[in-house]
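To start, the structure itself, in structure tokens.
Note that ligands are numbered from 1 as they come in the structure, with each ligand's atoms numbered from 1 the same way. As the structure is a prediction and not an experimental result, all values here were calculated from the model. We count residues from 1, following the sequence as given.
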Amino acid sequence: MKITIIGTGYVGLTTAVVLSYLNHDVAAVDKDSSKLNQLHDGKSPIHEPGIQTLLDEVHHTIRFTPNVAEVVPDAELIMIAVGTPPKKNGEADTRHVEQAAREVAEACMPNKHYTLVVKSTVPIGTNRRVAQVVENVFTERKIQGNVSIASNPEFLQEGLALQGAFYPDRIVVGANSDDAIDALRRLYKPILEQTFAPPSALPRPATYHLPPMMTTDPNSAEMIKYAANTFLALKISFINEIAGLCEEVGADVTEVARGIGLDARIGQRFLRAGLGWGGSCYPKDTAALLGVAAKTGYEMQITEAARTVNFQQRTRIVNKLQTILKTLKGKTIGIMGLAFKPNTDDIREAPSLDIIRQLVTEGANVRAHDPIAIPNAKQALKDISVTFIEDVYKLSYNADALILVTEWKQYHRLELRKLAKHMKTPILVDGRNLFTPREARTAGFHYIGIGR
Ligand code: UDX
């Protein structure tokens with residue numbers, strides 16, 4: 001199929017690369033000229049495992065352009081995958097989505113059928129709004145357009161984006177017209193039937209089953225995205241709340257998570273206690289859901305509480321350290337990990353940023369390490385004094401404590417003894433329960449985990 005994707009962020013670029021690999025004819029639009037230059041050179045502007053290898057394979061088949069009008073007329077299906085940043089009141093700002101819809105409608109040929117798919121995470125009701133925008137442009141143009149609109153929320157997990165795109169749990173489509181549903185079914189046919197040869201770095205998981213394509217109405221599809229993210233966010237907040245109580249009563253939250261997760265109704269995943277969630281989705285989407293609810297006068301107490309618990313985790317860890325060190329003033333603290341989770345350079349809403357800011361406010365000297373997120377963190381923290389360190393062992397030199405914020409695999413392979421040896425006081429606050437208390441203590445650390 002001939003497809004145009006608008007937006008080449010995490011969602012847009014991953015989708016473009018995957019659909020191109022599946023032999024669709026893909027054009028990708030982005031207004032950011034530096035991003036486009038990189039893409040023209042075949043370089044991925046995002047850090048995502050496997051994306052560069054796949055881009056090497058398909059980039060010559062994808063047409064990258066800043067111009068919607070250049071590629072929309074010929075397209076059969078157009079996907080909007082632009083950002084929906086939070087507004088001051090938490091609601092998602094759909095300005096870019098509406099602008100993209102307008103440009104699409106301006107470029108559509110009369111008498112040709114198009115399917116316009118909204119992939120961006122948007123407030124419930126945006127589909128209707130997009131249909132309205134398109135209709136208004138057609139009226140201005142005095143043409144009879146023929147566009148079917150669909151909502152196709154994206155469940156991309158950073159660090160596992162390609163895995164999730166080739167082997168999704170489900171595909172959700174919200175549309176009122178059979179044409180749109182049919183177009184999306186044809187688009188995803190190779191995935192729904194798993195007829196493609198897996199890329200060498202991404203073998204099909206042995207236990208993988210064919211994914212269902214669930215079709216529903218547009219409002220429900222938009223709601224599914226918010227409800228899914230909010231549910232996962234509150235699952236994590238729940239285990240973090242239990243972790244707090246585990247500390248009070250002398251239980252180990254990792255054991256508790258294992259024990260409750262063995263109940264198939266609960267499941268093992270997303271029960272890792274730690275510093276809570278960050279990233280571009282949970283903080284933004286839970287706030288947006290509350291924004292949608294507030295507009296209707298509906299109270300969402302569980303979602304509110306999940307957010308409160310989440311952000312408290314960041315303060316709690318600093319308070320814990322303060323209790324142990326008596327004061328943070330003048331103390332040297334090493335931060336292990338800046339990205340909001342491993343395998344990404346994304347630092348949006350990362351716990352590391354809040355923790356570092358609090359430490360600096362309390363008068364601590366902060367050093368920070370991350371395998372790949374230092375450039376982004378430098379930018380985000382440029383207003384405060386933080387020393388960024390390339391060699392993780394140097395974090396420990398004369399330090400008063402280390403806080404592990406992101407559970408990068410390479411941290412687990414570190415020689416803990418070597419880290420502890422160079423410290424003024426060998427305190428390790430393991431914000432992700434990456435190490436066992438025993439291995440850390442054997443290496444000479446005073447170990448503090450979460451909920452254990
Ligand atoms: C999430 C959803 O998983 C994805 O489906 C949606 O499309 C976008 O939001 P992402 O933000 O990339 O994806 O990351 P995810 O792996 O879900 O982790 C989010 C945060 O939760 C991270 O900060 C992670 O460290 C934290 N987390 C995750 C925990 O603290 N404990 C867990 O058990 C799992």
Side-chain angles (χ1 to χ4, degrees), residues 9-12 14-15 46-49 51 81 83-84 92 119-122 152-165 167-172 211 221-222 224-243 253-254 256-258 260-261 266-289 306-307 309-314 316-317 336-355 370 373 404-409 411 430-434 449-451:
Y10 282 92
V11 171
T14 304
T15 310
I46 59 164
H47 180 96
E48 183 60 41
I51 196 111
T84 48
K119 223 178 196 349
S120 307
T121 300
V122 289
N152 173 215
E154 177 56 54
F155 302 103
L156 175 151
Q157 216 182 333
E158 283 179 40
L160 294 169
L162 291 175
Q163 194 75 21
Y167 313 115
D169 286 347
R170 80 301 206 186
I171 290 172
V172 174
E222 289 167 345
I224 284 168
K225 168 69 190 199
Y226 280 115
N229 272 356
T230 303
F231 186 81
L232 292 168
L234 67 91
K235 197 170 177 192
I236 300 166
S237 281
F238 173 76
I239 202 67
N240 281 334
E241 187 167 80
I242 292 290
V253 76
T254 58
V256 175
R258 193 156 66 93
I260 63 172
I266 297 173
Q268 296 281 356
R269 296 169 71 191
F270 280 70
L271 283 180
R272 275 179 289 115
L275 292 172
W277 31 269
S280 68
C281 290
Y282 298 156
K284 178 166 93 73
D285 293 352
T286 48
L289 193 65
R307 286 177 58 84
V309 169
N310 188 61
F311 298 115
Q312 268 173 5
Q313 289 301 96
R314 305 172 182 193
R316 280 171 63 100
I317 199 113
M336 298 166 74
L338 294 160
F340 85 95
K341 68 174 192 180
N343 299 325
T344 175
D345 63 347
D346 197 343
I347 51 144
R348 285 176 288 178
E349 303 271 353
S352 64
L353 303 182
D354 279 347
I355 291 169
D370 191 280
L404 183 129
V405 182
T406 317
E407 67 277 33
W408 284 97
K409 266 217 179 85
Y411 291 159
D430 183 357
R432 297 290 178 181
N433 290 341
L434 180 67
I450 304 280

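Side-chain contact, W408 with D370: a donor N or O sits under 3.5 Å from an acceptor N or O. A side-chain N or O of K284 and one of T84 form a donor-acceptor pair less than 3.5 Å apart.
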Worksheet item: Run the salt bridge (Lys or Arg N to Asp or Glu O under 4.0 Å) check on E407 and R272 step by step: do they pass?
Response: CA-CA 11 Å; E407 67 277 33; R272 275 179 289 115; 2.9 Å; yes

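A distance limit of 4.0 angstrom between heavy atoms and ligand 1 selects the residues E154, F155, L156, Q157, E158, K225, N229, I236, F270, L271, R272, G276, W277, G278, C281, Y282, F340, K341, R432.
With values rounded to the nearest 0.5 angstrom, L434 atom CG is found 12.5 Å from I450 atom CD1.
With salt bridges taken as basic N to acidic carboxylate O contacts below 4.0 Å, none links E154 and K225.
Taking the six-membered ring wherever Trp is involved, the centroid distance between the rings of W277 and F311 falls below 6.0 Å.
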